[in-house]
Novice: 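This is the structure I want to talk about, given as C-alpha cells.
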Amino acid sequence: MKLVGKCVDLESAYKQFPIAPAHHRYGIFALKNPESNQIEFFIARALPFGASASVHGFNRAAMA
C-alpha cells in the first residue's frame, strides 16, 4: 500500500493541539498589563505560539 498525504496550512495551527490538564502547571505565563501596569497570570490551554518547544511538538504531531 502506498501512503499518500498532503500539507495544509492550518489556521491558528498551534491552537489545534491542547495541553494535557496534568501539564497546565508548566504553561503558566506572567505578563505585564500595559493598561493597569499590573502583572497578570495566564494558563495556556494549547501550545503557545512562539515557544521554542511548540514548533517541535507541532511538527511531531503533523508528521504522525
Side-chain angles (χ1 to χ4, degrees):
M1 177 193 287
K2 184 178 179 183
L3 183 62
V4 178
K6 68 178 183 177
C7 179
V8 277
D9 186 18
L10 299 173
E11 183 178 333
S12 301
Y14 291 90
K15 301 299 180 196
Q16 304 293 325
F17 296 99
I19 294 174
H23 295 167
H24 283 174
R25 65 181 174 195
Y26 303 116
I28 299 174
F29 296 90
L31 302 170
K32 185 176 181 180
N33 184 329
E35 293 177 7
S36 66
N37 212 24
Q38 298 292 313
I39 301 297
E40 297 182 6
F41 294 89
F42 301 90
I43 299 175
R45 304 285 184 201
L47 287 176
F49 181 78
S52 60
S54 293
V55 174
H56 178 69
F58 178 79
N59 288 341
R60 283 182 53 192
M63 291 177 76

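Given the structure is predicted, the values throughout are model-derived calculations rather than measurements. Residue numbers start at 1 and run along the sequence shown.
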Novice: Treat each ILVMFWY residue as a node, draw an edge where side-chain heavy atoms are under 4.5 Å apart, and state whether Ile43 and Leu31 are in one component.
Specialist: no
Novice: If you take all heavy atoms of His24 and Ile19, which pair is closest and at what distance?
Specialist: NE2-O, 3.4 Å
Novice: What heavy-atom pair brings Glu40 and Ser36 nearest, and what distance separates the two atoms?
Specialist: OE2-OG, 3.9 Å
Novice: Quick check for you: to the nearest 0.5 Å, what is the distance between Ile28 atom CD1 and Phe41 atom CZ?
Specialist: 8.5 Å
